[in-house]
Amino acid sequence: MKYAAYISILIIIIAACDLITTREAEEPIKPSSNFIAATSPEILLRNFESSIEEKITENYLACFVDKNFLDKEYKFIPAGEALATNPALSNWDLNSERLFLENLKANLPEGKNINLSLDNLNENRFSDSVIYVFDYSLVINSTNKALDGEYKGSSQMSVYKDSREQWVIVEWRDYKSESSQCWSDLKGRISN
């Protein structure tokens with residue numbers, strides 16, 4: 001009888017706490033509505049641009065080669081001048097790209113943006129790849145004075161189609177324009 005009373009009280013408490021009812025499933029976290037499968041090189045470039053402006057690391061990394069789907073290593077070739085002052089750029093890999101965007105986001109206060117524009121886009125198409133050459137302007141609005149400013153230069157990106165039929169960046173060469181800071185300078189500063 002004593003046990004029956006305890007069990008009855010326990011059932012009442014559990015029912016009152018609503019512990020045994022199911023709840024609505026939460027929506028999965030979606031990186032961004034602007035990111036779509038890069039089934040063309042043009043979509044890849046749009047994804048690349050929006051992932052930086054929206055500061056979404058998962059989308060940014062999805063723009064680069066994944067060895068599970070294409071047997072190629074990612075390679076970033078920095079502007080020569082930047083390499084001389086930032087030796088960390090000589091071993092730049094996909095993890096460096098991830099840390100770059102994460103560190104950049106950490107140096108941007110809430111409401112501060114990254115603005116990227118790609119101009120003068122030229123392309124050379126091959127059977128399995130496309131080489132893009134373009135000028136860029138990357139504007140960082142940061143309270144960190146070492147990072148704040150405009151970065152201008154030119155880039156050459158070699159993109160390939162992987163086994164998923166998606167286009168990915170395999171090689172990225174950066175070039176300094178005149179006396180401007182370039183993307184390599186920003187990567188070097190953020191990695192220190």
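- In this structure, Phe100 and Tyr60 have tilted ring planes: the angle between them lies in the 30° to 60° band.
- Rounded to the nearest 0.5 Å, atoms CD1 (Ile56) and OG (Ser50) are 7.5 Å apart.
- How far CG of Leu101 is from CD of Glu58: 9.5 Å, rounded to the nearest 0.5 Å.
- Other residues, nucleotides and ligands contribute only 12 or fewer heavy atoms inside 6.0 Å of the NZ atom of Lys152.
- Between the Ser129 side chain and the Phe126 main chain, no donor and acceptor come within less than 3.5 Å of each other.
- Screening residues 147-170 for ring pair (Phe, Tyr, Trp, His ring centres under 6.0 Å), with sequence neighbours left out, gives no hits.
- Not a single salt bridge (Lys or Arg N to Asp or Glu O under 4.0 Å) links Glu49 to another residue, sequence neighbours left out.
- In terms of the side chain to side chain contact (heavy atoms under 4.5 Å, CB included) criterion, residue partners of Pro109 (sequence neighbours excluded) are, by chain and number, Lys112, Thr143.
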Show me the donor-acceptor pairs, under 3.5 Å and distance only, between side chains in residues 134-142 and residues at least two apart or in other chains.
residue: Asp135; atom: OD1; partner: Ser154; partner atom: OG; Å: 2.7
residue: Asp135; atom: OD2; partner: Asn120; partner atom: ND2; Å: 2.6
residue: Tyr136; atom: OH; partner: Asp174; partner atom: OD1; Å: 2.7
residue: Tyr136; atom: OH; partner: Asp174; partner atom: OD2; Å: 3.4
residue: Tyr136; atom: OH; partner: Trp183; partner atom: N; Å: 2.7
residue: Ser137; atom: OG; partner: Glu150; partner atom: OE2; Å: 2.5
residue: Asn141; atom: ND2; partner: Asn113; partner atom: O; Å: 3.3
residue: Ser142; atom: OG; partner: Asn107; partner atom: O; Å: 2.6
residue: Ser142; atom: OG; partner: Asn144; partner atom: N; Å: 2.9

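- Note: Glu123 CD to Ile131 CD1 = 11.0 Å, rounded to the nearest 0.5 Å.
- Rounding to the nearest 0.5 Å places CZ of Arg189 at 15.0 Å from CG of Asn103.
- Glu165 is linked by a salt bridge (Lys or Arg N to Asp or Glu O under 4.0 Å) to Lys161, counting only residues two or more places apart in sequence or in another chain.
- Across all their heavy atoms, Ala79 and Ser184 have their closest contact at N-OG, 3.0 Å.
- The salt bridge (Lys or Arg N to Asp or Glu O under 4.0 Å) test applied to Asp71 returns Lys67, not counting sequence neighbours.
- The CG atom of Leu104 sits 5.0 Å away from the CD1 atom of Ile190 when rounded to the nearest 0.5 Å.
- Qualifying side chain to side chain donor-acceptor pair (under 3.5 Å) partners for Asp119, counting only residues two or more places apart in sequence or in other chains: none.
- Remark: Lys105 engages Thr57, Glu102 in a side chain to side chain donor-acceptor pair (under 3.5 Å) (not counting sequence neighbours).
- Ion pairing of Glu171 with Arg173 is present here, as a side-chain N (NZ or NE/NH1/NH2) and a carboxylate O approach within less than 4.0 Å.
- Neither Val133 nor Met157 shares a network with the other; the hydrophobic side chains, linked directly or stepwise wherever heavy atoms of I, L, V, M, F, W or Y lie under 4.5 Å apart, form separate groups for each.
- Legend: salt bridge (charged side-chain N to carboxylate O under 4.0 Å, His left out) pairs involving residues 79-99, not counting sequence neighbours, sorted by first then second residue: Glu97-Lys187.
- Here CD1 of Ile52 is found 8.0 Å from CG of Leu118. Values are rounded to the nearest 0.5 Å.
- No chain of hydrophobic side-chain contacts below 4.5 Å, direct or via other Ile, Leu, Val, Met, Phe, Trp or Tyr residues, connects Ile77 to Leu94.
- Ile169 and Phe69 are members of different hydrophobic clusters when ILVMFWY side chains are connected at heavy-atom separations under 4.5 Å.
- When all heavy atoms of Asp185 and Ala82 are compared, the pair lying nearest together is OD1-CB, 3.4 Å.
- Hydrophobic clustering, with ILVMFWY side chains joined whenever heavy atoms are under 4.5 angstrom apart, keeps Leu99 apart from Leu83.
- Classification of the Phe76-Trp92 ring pair by plane angle, with boundaries at 30° and 60°, yields tilted.
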Per-pair distances, 0.1 Å, donor-acceptor, side chain in residues 35-45, under 3.5 Å, sequence neighbours excluded:
residue: Ser40; atom: OG; partner: Glu42; partner atom: OE1; Å: 3.3
residue: Ser40; atom: OG; partner: Ile43; partner atom: N; Å: 3.2
residue: Glu42; atom: OE2; partner: Arg125; partner atom: NH2; Å: 2.3

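- Applying the salt bridge (Lys or Arg N to Asp or Glu O under 4.0 Å) rule to Arg46 yields no partners; only residues at least two apart in sequence or on another chain are considered.
- Put simply, the side chain of Pro78 does not reach to within 4.5 Å of the side chain of Asn86, judged on heavy atoms.
- Under the ring pair (Phe, Tyr, Trp, His ring centres under 6.0 Å) criterion, Tyr175 pairs with no residue, sequence neighbours left out.
- For the pair Phe48/Leu116, a side-chain contact is recorded, criterion being any heavy-atom separation below 4.5 Å from C-beta on.
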